Amino acid sequence: MKGIHITLDELIQARLLAQRLRLASRDSARAQRGGAHLSRFRGRGIDFDEVRVYQPGDDIRSMDWRVTARTGRPHAKVFREERERPVLFAVDLGSSMQFGTRVAFKSVIAAKVTAFWAWCAARHGDRVGGVLLRDHGSVECKPRAGHAGVLRLLNALAEPVVLSISAPAHGVAQLLQSLRSVARPGSLIVWISDFREVTAAHAAALSELRLHSELVAVQIYDDLEAQLPPPGRYSVSDGRRSLAFDAADPALRDAYQQRFAQHTHELQVLLNSLSIRLLRVATHDDPYALLSRELRAMYGR
């Protein structure tokens, strides 16, 4: 059913929209065999940049033994690298994403955001991969260049989602662990979720990812999560329990709205503290129009 499930054909069609964007690299690498990026992240590459104190994750082959011996502290050489950039899409497809009252489920909007951005990234010369999180496990797609990387990711996105009536066995912690194993230095990680389960307790894991990767968070939400429907009596169910409530109760309406606003504020504060940009997309928004502006600004025109 349209808006509840996404098809592979719909995700492939996003390529036509991506082709309309005029994208250009902000820093064009001159090496013909290099990628479209002159990396802003320091790693092992072709242009020597500096020597600094060794950090966890640095390549042992880059150790500067002379400086290490002279100072008594381990130092490593770092380089400015020309290469293709891995772009990883961390997509939440858990039970909370299988919801929507306007146009489409959050999971469908998340899939559209992923597809459009992935096609743009591939056009730009980036390698595309991702981690898809479901209630009973995750699917990892290692970054690949060209259409192969995009299509593998889109095939995984289009697989039917099996809803769980029990508590999810996997969550944010597993997603972040999967990203640490897949992401390589210099990666761009696009995390797409409703972020219902993300709290300050995840700051350390996110900070570790930020050491060598750039992160962008895309929050998908539905209007009914931000505020109650018009006054009246309603009955809702999550498949296990049912609840009736009176939406005309002013105290209930205010508490409901404040809860969502408070969580969104706490999420923004957490991400700001880690220099992670937050984009917000509602289920009734046109995700392609919103992303077009963002991607033009990111890649240049």
Side-chain angles (χ1 to χ4, degrees), residues 1-7 10-11 14 17 89-117 132-135 157 161 163-165 168 171-172 175 190-199 216-272 276-295:
M1 185 179 297
K2 190 175 181 61
I4 297 178
H5 304 291
I6 194 75
T7 67
E10 289 178 272
L11 298 178
L17 296 172
F89 295 89
V91 190
D92 182 358
L93 298 173
S95 295
S96 69
M97 294 290 287
Q98 312 303 315
F99 174 79
T101 61
R102 302 277 301 277
V103 181
F105 275 11
K106 291 185 286 183
S107 58
V108 170
I109 300 301
K112 289 183 175 182
V113 167
T114 303
F116 185 64
W117 199 320
L132 310 184
L133 181 68
R134 296 188 170 95
D135 284 346
L157 277 172
V161 175
L163 294 180
S164 173
I165 60 174
V172 177
L175 175 65
V190 183
W191 188 4
I192 305 169
S193 173
D194 56 12
F195 298 105
R196 288 171 61 95
E197 305 300 324
V198 177
T199 68
V216 177
V218 183
Q219 183 185 24
I220 312 295
Y221 71 98
D222 187 85
D223 269 356
L224 189 58
E225 296 175 307
Q227 58 184 355
L228 287 174
R233 293 193 62 83
Y234 297 88
S235 179
V236 295
S237 173
D238 63 359
R240 294 176 295 168
R241 298 162 297 180
S242 295
L243 173 69
F245 65 93
D246 184 2
D249 183 348
L252 177 63
R253 297 187 68 86
D254 183 64
Y256 187 92
Q257 186 172 347
Q258 288 298 322
R259 182 179 179 180
F260 180 82
Q262 179 65 25
H263 176 72
T264 300
H265 173 71
E266 291 173 355
L267 176 65
Q268 182 75 72
V269 169
L270 171 64
L271 298 179
N272 283 347
I276 299 174
R277 188 176 183 192
L278 175 64
L279 310 178
R280 303 185 70 230
V281 181
T283 54
H284 63 273
D285 286 333
D286 180 350
Y288 303 130
L290 289 177
L291 283 180
S292 292
R293 293 193 294 269
E294 297 297 333
L295 295 178

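All figures in this text were calculated on a predicted structure; none of them were measured in a lab.
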Test Glu266 against Thr199 for side chain to side chain contact (heavy atoms under 4.5 Å, CB included), laying out the working first. CA-CA 8 Å; Glu266 291 173 355; Thr199 68; over 6 Å; no
With side chain to side chain contact (heavy atoms under 4.5 Å, CB included) as the criterion, how do Phe195 and Asp92 come out once you've worked through the C-alpha distance, each side chain's angles and the decisive distance to 0.1 Å? CA-CA 9 Å; Phe195 298 105; Asp92 182 358; over 6 Å; no
Could you go through the side chain to side chain contact (heavy atoms under 4.5 Å, CB included) check for Asp194 and Met97 one step at a time? CA-CA 7 Å; Asp194 56 12; Met97 294 290 287; 3.6 Å; yes
Report the C-alpha separation of Thr283 and Phe105 in whole Å, then their side-chain angles, then the decisive distance to 0.1 Å, and conclude whether the side chain to side chain contact (heavy atoms under 4.5 Å, CB included) test is met. CA-CA 7 Å; Thr283 54; Phe105 275 11; over 6 Å; no
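Judged as a side-chain contact (heavy atoms from CB on, under 4.5 Å), and not counting sequence neighbours, the contacts of Asn272 are Gln268. Listed by chain and residue number, Tyr288 satisfy the ring pair (Phe, Tyr, Trp, His ring centres under 6.0 Å) test with Phe116 (two or more places apart in sequence, or in another chain). Residues satisfying the salt bridge (charged side-chain N to carboxylate O under 4.0 Å, His left out) criterion with Arg102, sequence neighbours excluded, are Asp223.
No donor-acceptor distance shorter than 3.5 angstrom exists from the side chain of Asp285 to the backbone of Pro287, with no hydrogens or angles considered. Checking side-chain atoms of His284 against main-chain N and O of Ala104 turns up no donor-acceptor pair under 3.5 Å. No donor-acceptor pair under 3.5 Å is formed between the side chain of Asp249 and the backbone N or O of Asp246. A donor-acceptor contact shorter than 3.5 Å links the side chain of Arg253 to the backbone of Pro229. Of the possible donor and acceptor atoms, one in the side chain of Lys106 sits under 3.5 Å from a partner among the backbone N and O of Ser96. Here the side chain of Asp222 pairs a donor or acceptor atom with the backbone of Thr101 at under 3.5 angstrom. A donor-acceptor contact shorter than 3.5 Å links the side chain of Glu10 to the backbone of Thr7.
Using a 4.5 Å cut-off on side-chain heavy atoms (C-beta onward), Ile276 and Val216 make no contact. Annotation: side chain of Thr114 is in contact with side chain of Ile192 (closest heavy-atom distance under 4.5 Å). The closest side-chain heavy-atom distance from Phe245 to Leu228 is below 4.5 Å. A 4.5 Å side-chain heavy-atom check between Leu271 and Arg277 finds every atom pair outside the cut-off. Counting heavy atoms from C-beta outward, Thr264 and Gln219 have side chains that approach closer than 4.5 Å. Contact check for Trp117 versus Phe89: side-chain heavy atoms found under the 4.5 Å cut-off. Residues Leu93 and Leu133 are not in side-chain contact: their nearest non-hydrogen atoms beyond the backbone lie 4.5 Å or more apart.
For the atom pair OG of Ser235 and CG of Leu243, the computed distance is 7.5 Å after rounding to the nearest 0.5 Å. To the nearest 0.5 Å, atom CD of residue Glu197 and atom NE2 of residue His263 are 8.0 Å apart. Within the model, atoms CD1 of Ile109 and CD1 of Ile6 stand 8.0 Å from one another, a figure rounded to the nearest 0.5 Å. Remark: Ser107 OG to Leu132 CG distance equals 12.0 Å, nearest 0.5 Å.
Of the residues Leu175, Val218, Val91, the one that meets the side chain to side chain contact (heavy atoms under 4.5 Å, CB included) test with Trp191 is Leu175.
For Arg259, the CZ atom counts as loosely surrounded, since its 6.0 Å shell holds 12 or fewer non-hydrogen atoms of other residues, nucleotides or ligands.
Between Tyr221 and Phe260, the ring planes are tilted. Angles from 30° to 60° get that label.
Across every non-hydrogen atom of Ala111 and Leu157, the tightest pair is O-CD1, 4.1 Å. Across every non-hydrogen atom of Leu290 and Arg280, the tightest pair is CD1-O, 4.2 Å.
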